[in-house]
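Given the structure is predicted, the values throughout are model-derived calculations rather than measurements. Quick note: numbers below take in every heavy atom, side chains included, and nothing from hydrogens, waters or symmetry partners.
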Amino acid sequence: MKRILRTALLCSVVSVAAAAGGKALAQQLPTEQPAEAADQAGQDGAGLGLDEIVVTGNTIKRTKFETSYAITTLSAEEIAKKAPLSVADLIAGTPGLYVESSGGEIGNNVYSRGLPNDNYRYIPVLEDGLPVWEEGAGAFTNADIFYRVDVTTQSAQIVRGGSASITASNAPGGIVNILTKHGTRDLQGLIKLEGGDYDHYRGDFNISGPITDNLLFQIGGFYRADNGLRDPGFKGNKGGQLRAGLSYEFDNGGSAYLGYRKLNDRNIFYTAIPLASDDKGLPGLDAGSGTLVNDLFARLTVPDGTGAFTKRLDLTDGVHTDTDTVTLLVSQPFGDDWEINEKARYVDGSIDFNGLFSSSVANSQTFLDGALARLRAVRPDTVAAVYRDAATGATVAASDLGNRLALTQSLFSNFVELDNFINDLSVTKKLDTGLGRHNITAGWYFSQFHQTQNWNFNDIIVEGVNRPRYFDVVGVNAAGQQTIALTDRGLVNLHTGLQRFHDNVRINALYLTDSWQVTDKLRIDLGARYHHVRKKGTIADTATVNLGDASTIADDAVPVFTGTQTPYRYKTDQWAFSAGANYEFTRQLAAFARYSRSFRVTPEFQQWFGGGTPVENRIDLVEGGIKYSTRPFSAFVTLFYNKFPNIAFQTLVNGPDGSLVSQSAKAAAESKGVEVEFSLTPAPMFELAFGGNYQDISYSSFAGTDANGAFDFSGNRIVRQPKMTASIRPTLHLLGNAVDLYSQIQYTGSRFVDVANTIKLPSYTEVSLGANWRVTDRLSAQIIATNLFNEVGLTEGNPRAGAIIGTNEAAFQGRPIFGRRVRGGLSYSF
């Protein structure tokens, strides 16, 4: 920690000293540009905002039209129309990205151009150019857990592939860079109140203005409480975010920003539920609104890792994120066309992750028969096994369980303490030579994070209905007396996942880029990144013991901590390269092409569990396309080819005894496809936007072993990703532009649950509808209906039933999209 603080102090001193001198060169740090510059998409009539300044994927400011890679931007107005509940909602519909937002407001998945792993593994989330958390694909540290979209969000810039791996850490698939609102020269503000049909109440605000001629301020955030998009019987989402910042503009053209963000939020997380089929819910368990979480078993006592039942598990806390984030951004130009940029961030806090995860499902009588055999093996006088309502103690017939299903669900209780210091220091020099103009940037990226994770997983038996009961399973003798139980206090399979890890990870990266303007029409962009990672930590040792309760077999073989630890160490060096070119035929038409070689150093749990592939390297990415921009019509079309020869595929599945088993395999994959964005404005009152992609994605090699021996699924389609997605977004302007009616029609193609391609999820189309009414210059109203026609669409099956080879269970399990929901709000600006 002292070394981190020394590094931070040194960088800050260098930056402030730089700000105090030098010749004026009015060029701001890209990530702290004023709102007017960051949000000028479409100012010249191009609906895709190709004249917008972008600051993501490069080290100097360029317009979208000038970039040599594919990028999508979202302005403040577009974000307001979307009214996203999550980062996943924010970026959904971006060509080349497939987004699963069915987990709720956090814990979702995003895939980029066929890259074959979920989470935010290949596409980090940045806030003003720095990661919200260094390892955004770690266990229970999804990137979207660390950020909430609110009215302090100014815009978003989404890079696919391209130069992302040069300018960001661990980013072969691209970058999601969210730009936030900073201070303004005029006092201005926004207050927004929102309500929804799921007891949703939310308030947002943002106020900014001057303190002096050079010192500007901003403060804003939100607070929200609701039951969740699937009502569990308690407030599933509760909490908010507060952001405050000071901006200082130096007289010589430099600027500095110091910001603080507090996030204290609780969110319910949803996983798969049983269904009648892949497109239909069960009686009493609606696919669009049903949930297996119930406040009846929301607060339980579970073993604490030593065997004692002293730990309280509270599902009503959900995923409780409590983090503090401090950000420093400094930009200072010098004479002779030099510029220095310093970006630093410190994140500190905790994540208390409490959730119910899908596991196995069985016919209620079949499950009871299996339990009877296990109980008889211990107590031969057992003649029958029965269900007992764990809340009331009443005996319940197998036929009376909801939909005659007995589901084993996993109660995950995971506590993560973490801190992360990130620093990105770069120097840019502008050169004019006989061979054109160069903008050369050299930078040093440093990141160090610590985390301690405590995992405690236990299983519970529930029925197949909305907000179900939970059950004990006990054996009885011929006299009807209890002999021995399968469960212990409503729990079964104690400590299926008991882990304690501590990680200390340090990253040092050097990068060099050159933006070479060869002629007025041709520009060539070159870049390289050297990335060094050093990891060390400890893994707590466990032993399996019998806890000694003769009334149950649940505690006969329970992992507990031994008090000893096993250390681990790992380090690696990786290189990334990228070269691109952009040629402007006219002011309306340009073409680009790019080749990149990238890598991904896998998250820490690869070291925890062993096996797998610690580094995914030699990832080749090729792309090229055209951009066309006029007032009535603009288009951005990209062709891409990706080759992934070294994939880290590792997943946790249910073992035969209920414990979690790690499966790994060696894999390679290829993807190729086309991405399309266009915007058409045939008349002032009507706009039409389209985004979509078609891709051919397959494993060029996927071999491994499981309990049944060797397997080889080479040639199969990459798991969980569709060949085609498409989004059509019409907008109608009425009453002199006082009213906007808009819709989004989102098509998602079929996908496979498993690598073996044995279980297929069907395609689906989701329709949303919205309206904005500018009542006055300051007051506006909005209403949004999502999934208007209650379409049933599944984003995943049951990962713990087999991600490599899927398993057909007594009922189909999948995670559906949410059913129809309606929200409305009022906004007042000044």
Query raised in the report: Quick one: are the ring centres of Y201 and Y223 less than 6.0 Å apart?
Result: no
**Report entry** Centroid-centroid distance, F412 to F269, less than 6.0 Å
**Finding:** no
Requested in this report: List the steps and the verdict of salt bridge (Lys or Arg N to Asp or Glu O under 4.0 Å) for R751 and E796.
Outcome: CA-CA 9 Å; R751 288 134 291 121; E796 68 175 26; over 6 Å; no
Query raised in the report: Is a donor on one side and an acceptor on the other found under 3.5 Å between the side chain of E463 and the backbone of G402?
Result: yes
Report task. Could you walk me through whether Y270 and F818 pass ring pair (Phe, Tyr, Trp, His ring centres under 6.0 Å), step by step? Result -> CA-CA 10 Å; Y270 303 103; F818 301 108; 5.5 Å; yes
Query - R500 to F561 six-membered ring, cation-pi geometry met (6.0 Å, 45°) - result: yes
Report summary line: Heavy-atom nearest pair, L285 first then V465, reads CD1-C, 3.7 Å
Report summary line: Shortest non-hydrogen pair, A139 vs W455, comes out as CB-CZ2, 3.5 Å
Report task. Applying salt bridge (charged side-chain N to carboxylate O under 4.0 Å, His left out) between D317 and each of K238, R312, R266, report the one that passes. Result -> R266
Report task. Using the six-membered ring wherever Trp is involved, compare the ring planes of F713 and F711 and label them parallel, tilted or perpendicular (cut-offs 30° and 60°). Result -> parallel
Requested in this report: Say whether, by atom type as modelled, one donor and one acceptor occur between the side chain of Y387 and the main chain of S364 under 3.5 angstrom.
Outcome: yes
Requested in this report: Please check if the side chain of T382 supplies one atom and the backbone of R379 the other of a donor-acceptor pair under 3.5 Å.
Outcome: yes
Query raised in the report: Does any N or O in the side chain of N237 come within less than 3.5 Å of the main-chain N or O of I268, such that one atom is a donor and the other an acceptor?
Result: yes
Query raised in the report: Are side-chain heavy atoms of T552 and R489 found at a separation under 4.5 Å?
Result: no
Query raised in the report: Charged N to carboxylate O under 4.0 angstrom, E105 versus R224?
Result: yes
**Report entry** Audit row: R202, D226, salt bridge (Lys or Arg N to Asp or Glu O under 4.0 Å) steps and yes/no
**Finding:** CA-CA 8 Å; R202 174 171 173 145; D226 59 50; over 6 Å; no
Report task. May I ask you to decide if V473's main-chain N or O and T487's side chain share a donor-acceptor pair within less than 3.5 Å? Result -> yes
Report task. Please confirm whether W133 and Y147 have ring centers closer than 6.0 angstrom. Result -> no
**Report entry** Stepwise salt bridge (Lys or Arg N to Asp or Glu O under 4.0 Å) check, R148 with D265
**Finding:** CA-CA 9 Å; R148 303 293 184 274; D265 200 18; 2.9 Å; yes
Query raised in the report: With a 4.5 Å limit on heavy-atom distance, are the side chains of N466 and D286 in contact?
Result: no
Report summary line: Note: Y764 and L794 closest approach over all heavy atoms is CE2-O, 3.9 Å
Query raised in the report: Is the side chain of S86 donor-acceptor paired with the backbone N or O of D89 at a distance under 3.5 Å, no angle test?
Result: yes
Query raised in the report: Nearest heavy-atom pair of V149 and P84: which atoms, and what distance?
Result: CG1-CG, 3.8 Å
